[in-house]
Amino acid sequence: MARGRGRRGRAGWRARAAAAVLLAVLAGGLWLWWDMRHWRPDEAAYPDQGVEVAAADGVVNFRTLRALGASFAYLDASDGASGQDPALGGNLAAARAAGLQVGAVHRFDPCTMADGQSANFVTMVPRDPTLLPPAIELARTAGDCPERVGDAAVESELMTLINQIEMHAGKPVILKIDPGFEDRYRLAGTLERNLWLTRTRFEPTYAGRPWLLWTANTALQTEAAEQPLRWIVARP
């Protein structure tokens, strides 16, 4: 009987210890989830911070963003040859009224010729010297194209698009290169443009050279919007 009670006691102790470990793991996971949704780089290290906004983010209060420390906003404008962000006009006016510098983002489609893409961008984004340098987002690869597109063709159309958008904007573009695109095409080291890289919390190094802009949190929860926003910092 004593041995039975001893075994039951040890089993109870192990169960309580396992429950305590599980509780600690859950608490740690909850803290990490909360921290990731609210973390921003220190303003002392990165004084120039901003945000990327699209229609999918819903209504955004740019004055609140300004109060939170944002000094600039990049607005999604066009996608390929026909995609257009319906919130661009309203977001552009609101961001400027809040005192933010503003730039526009075009999402490159490797399946589509450059002429149609640049025409789409020009339709959406005015020729305005006060705008920040335009950004071209490089995320999609030709692997999803309905017809095969070779690497050389992707690079050729991208260079044409870069030149056309730069002619419209009057300033060099910034290349917003996602890790998957860079892993596929390795263009960061060959295209002599400033880079915009993405990695939540930890500084990105996948381009092999310094970045100008860094999306440091892809889902920052703020008082400025109901949806999480993409938070950016500029290299000091």
Side-chain angles (χ1 to χ4, degrees), residues 51-58 73-92 102-129 131-199 204 206-209 211-215 218 227 229-230 232:
V51 67
E52 183 179 358
V53 176
D57 297 315
Y74 266 92
L75 309 177
D76 290 2
S78 51
D79 185 342
S82 58
Q84 298 181 340
D85 194 295
L88 176 64
N91 284 337
L92 178 60
V102 185
V105 180
H106 172 81
R107 194 174 195 209
F108 175 64
D109 183 354
C111 311
T112 306
M113 301 291 286
D115 289 348
Q117 298 195 55
S118 60
N120 189 26
F121 179 83
V122 167
T123 298
M124 295 296 291
V125 181
R127 187 191 299 270
D128 185 341
L131 289 174
L132 294 172
I136 298 178
E137 180 179 311
L138 306 176
R140 290 195 295 259
T141 67
D144 295 326
C145 295
E147 298 181 4
R148 184 181 181 280
V149 180
D151 292 0
V154 170
E155 185 172 354
S156 175
E157 291 303 314
L158 175 58
M159 280 306 308
T160 300
L161 178 64
I162 289 171
N163 292 331
Q164 290 171 338
I165 289 182
E166 288 181 342
M167 186 176 298
H168 174 71
K171 57 191 70 175
V173 303
I174 298 171
L175 298 178
K176 184 178 186 285
I177 303 182
D178 279 14
F181 189 96
E182 175 60 15
D183 185 59
R184 176 68 180 82
Y185 295 109
R186 300 295 180 185
L187 293 179
T190 61
L191 299 177
E192 296 183 0
R193 300 296 189 281
N194 284 322
L195 299 180
W196 176 352
L197 305 181
T198 299
R199 188 185 183 194
Y206 58 85
R209 64 182 178 93
W211 47 266
L212 175 67
L213 297 176
W214 165 29
T215 300
T218 59
Q227 301 295 327
L229 299 174
R230 293 160 287 178
I232 314 161

Worksheet item: Can you tell me how far NZ of K176 sits from CG of L213, rounded to the nearest 0.5 angstrom?
Response: 10.0 Å
Worksheet item: Considering only heavy atoms from C-beta outward, does the side chain of E166 approach that of N163 to under 4.5 Å?
Response: yes
Fill in: Validation row: V122, Q164 side chains within 4.5 angstrom (heavy atoms)
no
Discussion item. Using only atom types and a distance under 3.5 Å, with no angle test, would you say the side chain of E137 pairs donor to acceptor with the backbone of V105?
Written reply: no
Worksheet, complete the sentence: Of all heavy-atom pairs linking H106 and G80, the shortest is CE1-O, 3.1 Å
Worksheet item: How about Y206 and T198: do any of their side-chain heavy atoms sit closer than 4.5 Å?
Response: yes
Discussion item. I'd like to know whether CZ of R209 has more than 12 heavy-atom contacts from other residues, nucleotides or ligands below 6.0 angstrom.
Written reply: yes
Item to complete: Indicate the atoms forming the closest heavy-atom contact of P204 with R199, along with that distance.
Response: CB-CB, 3.9 Å
Worksheet item: Between E157 and V149, is any pair of side-chain heavy atoms under 4.5 Å apart?
Response: no
Worksheet item: Do the non-hydrogen side-chain atoms of E182 and L195 ever get within less than 4.5 Å of each other?
Response: no
Fill in: Atom of Y74, atom of A104 and distance for their closest heavy-atom approach
CD2-N, 3.7 Å
Discussion item. If the threshold is 4.0 Å, N to carboxylate O, is there a salt bridge linking R140 and D79?
Written reply: yes
Worksheet item: What's the spacing between L131 CG and L75 CG if we round to 0.5 Å?
Response: 9.0 Å
Response to the item:
OG1 of T123 to CD of Q84, rounded to nearest 0.5 Å, is 6.5 Å
Worksheet, complete the sentence: Separation between CZ (R193) and CG (L187), nearest 0.5 Å, reads 12.0 Å
Discussion item. If we ignore hydrogens and angles and just use 3.5 Å, is the side chain of N120 paired with the main-chain N or O of G116 as donor and acceptor?
Written reply: no
Item to complete: Could you tell me whether a side-chain N or O of D85 sits under 3.5 Å from a main-chain N or O of A55, the two making a donor and an acceptor?
Response: yes
Practice prompt. With rounding to the nearest 0.5 Å, note down the distance linking CD1 in I136 to OG in S118.
Written response: 9.5 Å
Practice prompt. Heavy atoms only: give me the nearest M124-S78 pair and the separation to one decimal.
Written response: CG-CB, 4.3 Å
Discussion item. Within the structure provided, determine whether D76 and R107 are in side-chain contact (heavy-atom separation under 4.5 Å).
Written reply: no
Worksheet item: Distance from L191 atom CG to R186 atom CZ, nearest 0.5 Å?
Response: 13.5 Å
Response to the item:
Correct closest heavy-atom pair for I177 and L197 would be O-CD2, 3.8 Å
Worksheet item: Do the non-hydrogen side-chain atoms of I162 and L175 ever get within less than 4.5 Å of each other?
Response: yes
Worksheet item: Looking at T112 and A81, what are the two nearest heavy atoms and their distance?
Response: CG2-CB, 3.6 Å
Worksheet item: Within the side chain of D57, is there an N or O that forms a donor-acceptor pair under 3.5 Å with the backbone of A54?
Response: yes
Worksheet item: Does the side chain of W196 come within less than 4.5 Å of E52's, by heavy atoms?
Response: yes
